[in-house]
Amino acid sequence: MRANKLLHLLPLAAFLLSGCAVGPAYVKPTTPEPAAFKEAQGWSPAAPADALDRGPWWTLFNDAVLNDLAGQIDVSNQNVAAAVASYAQARSQVAQQRASLFPSVSLSSSGERSGTRNAGADNNYRLNIGTSWEPDLWGRLRAGVSAASANAQASAADLASARLSAQGELAANYFVVRQTDAQAALLASTIEGYRRVLQITQNRFDAGIATKSDVLQAQTQLSNAQIDALSLARQRAQFEHAIAVLLGKAPADFTLASAPWQAFVPEIPAGVPSALLQRRPDIAAAERRVASTNEQIGIARSAYYPNIGLTASVGNGGSRVSDLFSASNALWSFGLSAAQSLFNAGATRASVAGAEASWEAAVARYRQTVLDAFGDVENQLSATRVLAQQLVLRRQASESADQVEAQILNRYKAGQVSYSEVVQAQASALSARRALVQAQGDRQSTAISLIQALGGGWQAQ
């Protein structure tokens with residue numbers, strides 16, 4: 001009777017002891033957080049929150065083709081698909097860890113026939129239902145669940161990072177293709193102008209007004225422009241292939257038709273540093289991994305305490321199958337086990353020290369991720385401001401170079417200057433035009449990089 005009372009009290013004792021967690025309470029690491037971005041003067045503030053939908057940020061560029069392509073990333077991009085699978089795997093590990101908190105039940109059966117030559121043979125059948133449970137006395141199992149949950153949350157943030165990275169890379173490659181189309185159109189117009197100048201020079205040479213060197217210079221300039229056009233075609237093909245791979249397609253199955261380039265750059269609210277910490281998925285992933293390593297310390301410390309196990313079983317046995325359903329043949333058992341390591345040469349202490357060192361490394365990586373994020377945003381804000389100023393100057397330079405080219409060409413036709421001055425003026429004008437197109441493309445690329453640095457879009461629903 002005393003034993004039965006003791007057995008009834010064991011589950012209650014286990015329940016009371018289950019709150020004795022030995023791991024440290026998790027405290028989010030502090031990070032350097034400036035009051036504002038250094039390069040954000042004059043920018044409008046944003047009000048983002050990580051729990052809200054970021055929305056399709058690429059629609060801000062007002063390009064229907066880009067909208068269609070970016071919408072295919074979630075479906076077709078293989079890096080995103082791998083991140084989705086990793087997230088599903090992390091969630092399954094959470095379910096596995098939670099299952100360890102509950103008893104496990106098993107069903108077993110057996111049958112055997114044995115005997116001797118003189119006594120004959122006997123049959124022996126058994127049917128047994130057993131259960132085992134490890135009470136979470138020191139919080140080890142709950143720490144495992146918390147660690148797995150933090151890893152799953154980190155995996156979700158990794159998925160968001162993979163999606164954002166693929167979307168940003170697609171948008172950047174797309175605008176490079178459009179910029180290349182614009183450069184190709186510019187070169188096509190320039191080549192046509194060079195052909196006309198070559199014909200004019202050839203006519204002047206035939207009339208004895210120009211020298212042979214003028215014709216050769218004109219031909220050289222035309223050939224160099226044609227070479228540049230071929231180089232642009234090769235560059236465009238490479239970026240078109242990159243877009244195909246991002247969409248999960250073979251390059252042979254994808255073609256991006258030429259279209260007019262809309263060098264539109266949206267206004268981007270920079271926000272504040274605290275908002276950045278809420279939105280960057282890589283920061284969220286790093287912080288969740290700190291939480292996971294914190295739980296690992298508790299798991300390592302639990303090795304200092306004994307492991308307690310409870311087992312119970314009930315079943316029937318007999319020489320015939322019908323005996324398995326007879327109450328008189330019922331068998332039962334209940335067991336309590338405890339195991340404690342008395343000496344392991346400091347292995348437990350080393351395990352705890354290793355877990356603490358792993359936590360310190362995760363904290364350092366988290367803080368470094370935050371610092372890198374701040375630096376990334378500052379770089380993109382600075383580049384955005386400088387490129388906007390450069391674009392104004394590039395446009396002025398291009399317009400001036402066009403005027404110089406026209407004036408020098410007219411003076412050459414009038415025989416007032418040598419052809420070398422024409423070549424120099426045309427080269428300067430072409431360089432200025434291409435620099436203007438490049439500046440417009442750089443502004444779009446920087447806008448995409450800034451959106452990624454801020455953790456995605458901000459137009460939450």
Side-chain angles (χ1 to χ4, degrees), residues 54-84 158-188 228-266 268 280-282 376-377 379-380 383-384 387-388 390-391 394 434-457:
R54 290 171 172 82
W57 55 264
W58 53 88
T59 59
L60 297 172
F61 291 90
N62 297 331
D63 193 302
V65 178
L66 174 61
N67 295 344
D68 178 63
L69 295 176
Q72 302 177 37
I73 285 292
D74 278 350
V75 178
S76 304
N77 185 269
Q78 298 307 302
N79 289 331
V80 174
V84 170
D158 289 340
L159 171 58
S161 292
R163 182 181 292 114
L164 180 60
S165 176
Q167 292 167 347
E169 187 175 357
L170 172 68
N173 290 345
Y174 173 80
F175 284 125
V176 169
V177 169
R178 290 294 177 240
Q179 176 189 336
T180 304
D181 289 340
Q183 294 269 16
L186 176 62
L187 273 176
D228 289 344
L230 293 175
S231 298
L232 283 177
R234 179 176 63 87
Q235 179 181 351
R236 188 190 193 281
Q238 291 175 341
F239 282 97
E240 185 180 75
H241 300 163
I243 292 174
V245 173
L246 285 170
L247 297 178
K249 298 179 180 180
D253 298 331
F254 176 78
T255 300
L256 183 60
S258 298
W261 178 34
Q262 300 179 12
F264 176 75
V265 178
I268 302 175
R280 288 268 298 220
D282 56 341
D376 194 9
V377 174
N379 290 339
Q380 301 308 325
T384 300
L387 287 172
Q390 286 184 345
L391 181 63
R394 291 289 186 189
R434 297 189 66 177
L436 175 60
V437 173
Q438 182 66 49
Q440 293 171 325
D442 289 345
R443 289 196 68 206
Q444 283 188 322
S445 299
T446 302
I448 295 171
S449 299
L450 178 57
I451 290 174
Q452 290 185 290
L454 293 173

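Fair warning: this is a prediction, and the values are worked out from it, not measured in the lab.
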Visitor: Let me confirm one number: the CG-CG distance from Leu232 to Leu187, rounded to the nearest 0.5 Å.
Guide: 5.5 Å

Visitor: For Pro56, does its backbone N or O pair with a side-chain atom of Thr59 as donor and acceptor, under 3.5 Å?
Guide: yes

Visitor: Tell me every residue that passes side-chain hydrogen bond (donor to acceptor under 3.5 Å, both in side chains) with Asp74, counting only those two or more places apart in sequence or in another chain.
Guide: Arg163

Visitor: Check residues 242-253 and write down every donor-acceptor pair under 3.5 Å in which the side-chain atom is one partner and the other belongs to a residue at least two apart or another chain.
Guide:
none

Visitor: With sequence neighbours excluded, what pairs up with Glu169 under the side-chain hydrogen bond (donor to acceptor under 3.5 Å, both in side chains) test?
Guide: none

Visitor: Can you name the closest pair of heavy atoms from Gly455 and Leu164 and give their distance?
Guide: C-CD2, 3.8 Å

Visitor: Look up atom OG in Ser165 and atom CG in Asn77, then write down how far apart they are to the nearest 0.5 Å.
Guide: 8.5 Å

Visitor: Please list, chain by chain and in numerical order, all residues satisfying side chain to side chain contact (heavy atoms under 4.5 Å, CB included) with Ala171, sequence neighbours excluded.
Guide: Trp57, Leu66, Ile448

Visitor: To the nearest 0.5 Å, what is the distance between CD (Gln238) and CG (Asn173)?
Guide: 11.0 Å

Visitor: Taking the side chain as C-beta and beyond, is there a heavy-atom pair between Trp58 and Ile73 under 4.5 Å?
Guide: no

Visitor: Between Gln380 and Ala453, what is the shortest heavy-atom contact and its length?
Guide: CG-CB, 4.4 Å

Visitor: Using the side chain to side chain contact (heavy atoms under 4.5 Å, CB included) criterion, which residues pair with Ala439? Sequence neighbours excluded.
Guide: Leu391, Arg394

Visitor: Write down the atom of Arg443, the atom of Ala388, and the distance for their closest heavy-atom approach.
Guide: NE-CA, 4.0 Å

Visitor: Which value, rounded to the nearest 0.5 Å, describes the distance between Asp376 atom CG and Leu450 atom CG?
Guide: 8.5 Å

Visitor: Identify the heavy atoms of Gly441 and Trp261 that sit nearest to each other, and give their distance.
Guide: N-CH2, 3.4 Å

Visitor: Search all heavy atoms of Pro266 against all heavy atoms of Phe61 and return the closest pair with its distance.
Guide: CD-CE2, 3.5 Å

Visitor: Return a table of donor-acceptor pairs under 3.5 angstrom between the side chains of residues 175-183 and protein atoms on other chains or two or more places apart.
Guide:
from	atom 1	to	atom 2	distance (Å)
Arg178	NE	Tyr174	OH	3.1
Arg178	NH1	Asp181	OD2	3.1
Arg178	NH1	Ala257	O	3.0
Arg178	NH2	Ala257	O	3.3
Gln179	NE2	Gln438	OE1	2.8
Thr180	OG1	Val176	O	2.7
Asp181	OD1	Arg236	NE	2.5
Asp181	OD2	Arg236	NH2	3.4
Gln183	OE1	Arg434	NE	3.1
Gln183	NE2	Arg434	O	3.4

Visitor: Taking all heavy atoms of Val65 and all of Asp63, pick out the closest pair and write down the distance.
Guide: N-OD1, 3.1 Å

